[in-house]
Amino acid sequence: FSYEADLGYQLTERVMPAVALRGASSASTDSSAYAEARRKALYRITGRLGADGYLGTGFTNSSPDFTAGAEISYQF
């Protein structure tokens, strides 16, 4: 079982900061559950093209201490 919940606020037509919680139950009896919080920023470049970035931190032994990522998306 896994989950993700996001909460954001549209500051302008192009910019939306957000926070996210992600997690999953343990994969086996030898591991702990996964839990992570992320701070995200989404920027709409054009009506169809966007850029997202995030920084995250884990809360359990099965989660990474820190995460970072970026994404470019295009809506067809």
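Judged as a ring-ring contact (aromatic ring centres under 6.0 Å, His included), the pairs with a partner in residues 46-74 (not counting sequence neighbours) are, in order, Tyr74-Phe76. Pairs of residues two or more places apart, or lying in two chains, never qualify as ring-ring contact (aromatic ring centres under 6.0 Å, His included) while including a residue from residues 2-53. For the salt bridge (charged side-chain N to carboxylate O under 4.0 Å, His left out) condition, no pair includes a residue of residues 10-24, sequence neighbours left out.
Take Ser26 and apply the side chain to side chain contact (heavy atoms under 4.5 Å, CB included) test, not counting sequence neighbours, and it matches Ser31. Contacts of Asp6 classified as salt bridge (Lys or Arg N to Asp or Glu O under 4.0 Å), with partners at least two apart in sequence or in another chain: Lys40. With sequence neighbours excluded, no residue forms a side-chain hydrogen bond (donor to acceptor under 3.5 Å, both in side chains) with Ser25. Qualifying salt bridge (Lys or Arg N to Asp or Glu O under 4.0 Å) partners for Arg38, counting only residues two or more places apart in sequence or in other chains: Glu36.
Using a distance-only test at 3.5 Å, with no hydrogens or angles considered, a donor-acceptor pair links the side chain of Thr57 to the main chain of Asp65. Using a distance-only test at 3.5 Å, with no hydrogens or angles considered, a donor-acceptor pair links the side chain of Ser62 to the main chain of Ser32.
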Enumerate donor-acceptor pairs with a distance under 3.5 Å from any side-chain N or O in residues 46-53 to protein atoms, sequence neighbours excluded.
unit_1 : atom_1 : unit_2 : atom_2 : d
Thr46  : OG1    : Arg48  : N      : 3.3
Thr46  : OG1    : Leu49  : N      : 3.0
Arg48  : NH1    : Gln75  : O      : 3.1

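A distance of 8.0 Å separates OG of Ser73 from CD1 of Ile45, quoted to the nearest 0.5 Å. Atoms CZ and CG, from Arg39 and Leu55 in turn, are 6.0 Å apart once rounded to the nearest 0.5 Å.
Its side chain within the 4.5 Å cluster rule, Val19 clusters with Leu7 among the Ile, Leu, Val, Met, Phe, Trp and Tyr residues.
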